[in-house]
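Residues: numbered from 1 along the sequence shown. Keep in mind that the numbers below use all heavy atoms, side chains included, and drop hydrogens, waters and symmetry copies. Here the structure is a predicted model, which means the values were calculated and not measured.
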Amino acid sequence: MPGIFSSALLAVPAAAQDASETFGVAPWTEAVVSVAEFEPATKLFREAGNWRLVLSGELDETELDYWQLPEQTSAHFERWCAPKADTGCIRFVKFEGAEQEPIRPAARAWDTGGIYSIMVRSDNVPALYDQALELGWWAESPPIRFQFGASDLRNVVLNGPHGIHVAVYERITPDFTAFPVGRISQGFNSMRMVRGRPQARDFYTDTLGFGILFDSANEPAAPAFSNFGIPYNLTPQIKRAAAALQPDLPGETGRVEVMQITGFTGRDHSERASPPNLGIISVRYPVRDWEAYRAELIGKGAAIAYSAEDVVIHGIDQKDSTTSIFAVRDPDGNLTEFYGEID
C-alpha cells in the first residue's frame, strides 16, 4: 500500500513459535473460490499467468457435508496452480442445487466482511493490467508505484467475476528470489477488510498463534494515487491501518493481511461469507498436530464454524486422501481453514 508501513517490521512474537513449531501450522496451500462458471475466472490465470489445471472433478460428499450444505447440493472443482508451484493454488468450486449470492455484492474496498483479495506477484504489472482488461477483467485503479520499506513496488488490484479481487505486486528493486514469479505467481497472501485492525490482528496472533510481519497505521501526508480507488485529494484523510500475519516467520508465503479503512462508512458483508456463496471463501492451512491445535483454539474461545474428520478433499497437497479439517471465523466473519497433514 503506497506510503504505508515503511517502518513497521516487527519481531516475531512467541505465539508464532507456538503455531508453527508446537502444532506445525504451515503456509496455506490453496484458496477456495466459489464461481458460477469456471471460464471467466480461470481464463486470467491460464492465459495471462500460464497457470496449469492440476486436477478437476466432483467434490466428495464428505466435503459438502463438512460445509453443512443441503443434501441436494453437488459441486465440481478445478484446482489451478502457478507454473513450478504446488502451493498457493486456487480451488475454484462450482456449486449446484443450492441458493447462492455474492459474498461481497457491488462492494468497495472499504466495505468489510468477506475475503477481499488473493495476493500474487508479477514480473510486469503494467503488461498484466493491459492483458487483464483485454480478457474482460477490471481494476480498482490503474497500476501505481510506491515504496514499501526498502522495496520499490508496482501494484494493481484486478477485479473479476463475483467480486473476486487479485492484488498483484511487482518488486522492481531489490530482486525477489523467494519463489518463481512470472506474469502471475502463486498466491502468497489474502486480504480481509476489517472494522478494527487491533481486534482482527489480536485474533490472528493471540488466538491462532500467528506472528506479525508488519503492523502499522502510518499514512503519507501528501495526496497519492490509491490502489483502492480512494479519490486522490482524499487520500491523506482516509486512513488505512494494516497488519500482515503468518504462522511461520520469516517467510514469503502463507500470509493473512487485515486492513481497516477509516473516513468512509461502508457496508458489512460478513453474513454472506459462507459457502456456497460466490467469491473467495477461505484459505487452507495444513497442520501437523491438527487435533491438538483445534483443542488449543477452542480453549482460547475460537468459534469453530465447521469441523469434520475423514473428509475427502481431492488433490489437496497434491494428494488424494482423507483428512480432518475445521474452519474458524475471525471477528469480521471471515473463514480460515486448517486441515490435518496428509501422509
Visitor: Is there a donor-acceptor pair closer than 3.5 Å between any side-chain N or O of T73 and the backbone N or O of A98?
Guide: no
Visitor: Say you draw a straight line from CD1 of I184 to CG of D123; how long is it, rounded to the nearest 0.5 Å?
Guide: 10.0 Å
Visitor: Which residues pass the side chain to side chain contact (heavy atoms under 4.5 Å, CB included) test with D111, sequence neighbours left out?
Guide: R104, A107, R108, R267, H269
Visitor: Before you tell me yes or no, could you show the steps for D152 and Q147 under side chain to side chain contact (heavy atoms under 4.5 Å, CB included), namely the whole-Å CA-CA distance, both residues' side-chain angles and the distance that decides it to 0.1 Å?
Guide: CA-CA 5 Å; D152 182 9; Q147 291 292 129; 3.4 Å; yes
Visitor: If you measure only the distance, is there a donor-acceptor pair under 3.5 Å linking the side chains of R192 and Y204?
Guide: yes
Visitor: I'd like to know whether CG of D175 has more than 12 heavy-atom contacts from other residues, nucleotides or ligands below 6.0 angstrom.
Guide: no
Visitor: For S185, check side chain to side chain donor-acceptor pair (under 3.5 Å) against everything at least two apart and list the hits.
Guide: none
Visitor: Measure the shortest side-chain to side-chain distance between I212 and R201 over non-hydrogen atoms and say whether it is less than 4.5 angstrom.
Guide: yes
Visitor: Stepwise, does the side chain to side chain contact (heavy atoms under 4.5 Å, CB included) test hold for I281 with L335?
Guide: CA-CA 7 Å; I281 293 174; L335 290 173; 4.2 Å; yes
Visitor: For A200, is there any backbone N or O sitting under 3.5 Å from a side-chain donor or acceptor partner on R197?
Guide: no
Visitor: A244: which residues meet the side chain to side chain contact (heavy atoms under 4.5 Å, CB included) condition with it, sequence neighbours left out?
Guide: L213, F214, E257
Visitor: Determine whether the aromatic ring centres of F210 and Y285 lie less than 6.0 Å apart.
Guide: yes
Visitor: Does the side chain of L158 reach to within under 4.5 Å of the side chain of W138, using non-hydrogen atoms?
Guide: no
Visitor: Checking the side chain of Q246 only, and the main-chain atoms of T253 only, is there a donor and an acceptor separated by less than 3.5 Å?
Guide: yes
Visitor: If I compare all heavy atoms of W28 with all of P286, which pair ends up nearest, and what's the gap?
Guide: CA-CD, 4.4 Å
Visitor: Would D317 and Y339 count as a side-chain hydrogen bond (donor to acceptor under 3.5 Å, both in side chains) if you check the C-alpha gap in whole Å, the side-chain angles of each, and the deciding distance to 0.1 Å?
Guide: CA-CA 10 Å; D317 278 358; Y339 65 92; 2.5 Å; yes
Visitor: Are L278 and I115 connected, step by step, through hydrophobic side chains (Ile, Leu, Val, Met, Phe, Trp, Tyr) whose heavy atoms are closer than 4.5 Å?
Guide: no
Visitor: Does the pair R79 and I90 meet the rule for a side chain to side chain contact (heavy atoms under 4.5 Å, CB included), with working shown?
Guide: CA-CA 6 Å; R79 192 174 195 265; I90 301 178; over 6 Å; no
Visitor: Should we count NZ of K239 as having more than 12 external heavy atoms under 6.0 Å?
Guide: yes
Visitor: Got a second to check how far S20's OG is from L249's CG, nearest 0.5 Å?
Guide: 7.5 Å
Visitor: Can you give me the closest heavy-atom contact between P27 and P247, atom names plus distance?
Guide: N-CG, 4.4 Å
Visitor: Distance from Q186 atom CD to D86 atom CG, nearest 0.5 Å?
Guide: 8.5 Å
Visitor: Between V125 and N155, is any pair of side-chain heavy atoms under 4.5 Å apart?
Guide: no
Visitor: Can S274 and R329 be counted as having a side-chain donor-acceptor contact under 3.5 angstrom?
Guide: yes
Visitor: Measure the shortest side-chain to side-chain distance between I238 and I261 over non-hydrogen atoms and say whether it is less than 4.5 angstrom.
Guide: yes
Visitor: With sequence neighbours excluded, tell me which residues meet side chain to side chain donor-acceptor pair (under 3.5 Å) with E140.
Guide: Y116, N159
Visitor: Do Y129 and R154 come within less than 4.5 Å of each other through their side chains, counting heavy atoms only?
Guide: no
Visitor: Could you tell me whether the side chain of N50 reaches within less than 4.5 Å of the side chain of R183, counting heavy atoms only?
Guide: no
Visitor: Taking the six-membered ring of F176 as reference, does the cationic atom of R121 (NZ for Lys, CZ for Arg) lie under 6.0 Å from its centre and within 45° of its axis?
Guide: yes
Visitor: Salt bridge (charged side-chain N to carboxylate O under 4.0 Å, His left out) for E37 and K43? Distances and angles first, verdict last.
Guide: CA-CA 11 Å; E37 298 292 342; K43 188 175 184 179; over 6 Å; no
Visitor: Membership question, hydrophobic clusters at under 4.5 Å side-chain separation (ILVMFWY): are I172 and F225 in the same one?
Guide: no
Visitor: So which heavy atom on A305 is nearest to which on Q68, and how close?
Guide: O-NE2, 3.7 Å
Visitor: Spell out, as yes or no, whether a donor-acceptor pair under 3.5 Å connects the side chain of W110 to the backbone of T265.
Guide: no
Visitor: Counting only N and O atoms by type, is there a donor-acceptor contact under 3.5 Å from the side chain of S34 to the main-chain atoms of N277?
Guide: yes
Visitor: Run the side chain to side chain donor-acceptor pair (under 3.5 Å) test against R52 and tell me which residues pass, sequence neighbours left out.
Guide: none
Visitor: Return the orientation label for the F179 and F188 ring planes: parallel under 30°, perpendicular over 60°, tilted otherwise.
Guide: tilted
Visitor: What's the shortest heavy-atom distance between L297 and T207, and which atoms?
Guide: CD1-O, 3.6 Å
Visitor: At their closest point, which heavy atom of G187 faces which heavy atom of I118, and how far apart are they?
Guide: CA-CG2, 4.4 Å
Visitor: With distance as the sole criterion, is a donor-acceptor pair present between the side chains of D268 and T112 under 3.5 Å?
Guide: yes
Visitor: Does Q72 CD have over 12 foreign heavy atoms under 6.0 Å away?
Guide: yes
Visitor: Mind telling me whether Y293 and F326 have parallel, tilted or perpendicular rings, with 30° and 60° as the class edges?
Guide: tilted
Visitor: Do N189 and Y169 have side-chain heavy atoms sitting under 4.5 Å apart?
Guide: no
Visitor: Tell me whether H162 contacts the main-chain N or O of A36 through its side chain, where contact means a donor paired with an acceptor under 3.5 Å.
Guide: yes
Visitor: Side chains of P83 and W51: does their closest heavy-atom pair fall under 4.5 Å?
Guide: yes
Visitor: Backbone N or O of V156 within a donor-acceptor pair of the N227 side chain at under 3.5 Å?
Guide: no
Visitor: Under 3.5 Å, is there a donor-acceptor pair between the side chain of D60 and the main chain of T62?
Guide: yes
Visitor: What residues form a side chain to side chain contact (heavy atoms under 4.5 Å, CB included) with A292, not counting sequence neighbours?
Guide: F23, D289
Visitor: Between the side chain of W67 and the main-chain N/O of Y306, is any donor-acceptor distance below 3.5 Å?
Guide: no
Visitor: Just how far is it from atom OG1 of T29 to atom CD1 of I316, taken to the nearest 0.5 Å?
Guide: 4.5 Å
Visitor: Near E61 CD, under 6.0 Å, is it more than 12 heavy atoms from other residues, nucleotides or ligands?
Guide: no
Visitor: What are the two closest heavy atoms between I164 and V35, and how far apart are they?
Guide: CD1-CG1, 3.9 Å
Visitor: Return yes when atom CD of E291 has more than 12 non-hydrogen atoms of other residues, nucleotides or ligands closer than 6.0 Å, and no otherwise.
Guide: no
Visitor: Report the C-alpha distance between R284 and E63 in whole Å, list the side-chain angles of each, state the deciding distance to 0.1 Å, and finish with yes or no for salt bridge (charged side-chain N to carboxylate O under 4.0 Å, His left out).
Guide: CA-CA 13 Å; R284 287 175 163 172; E63 189 170 4; 2.7 Å; yes
Visitor: Is there a donor-acceptor contact under 3.5 Å from the side chain of S282 to the main chain of V32?
Guide: no
Visitor: For a side chain to side chain contact (heavy atoms under 4.5 Å, CB included) check, start with the C-alpha distance between I313 and R91, then their side-chain angles and the critical distance, and finish with the verdict.
Guide: CA-CA 11 Å; I313 304 178; R91 182 180 299 266; 3.7 Å; yes
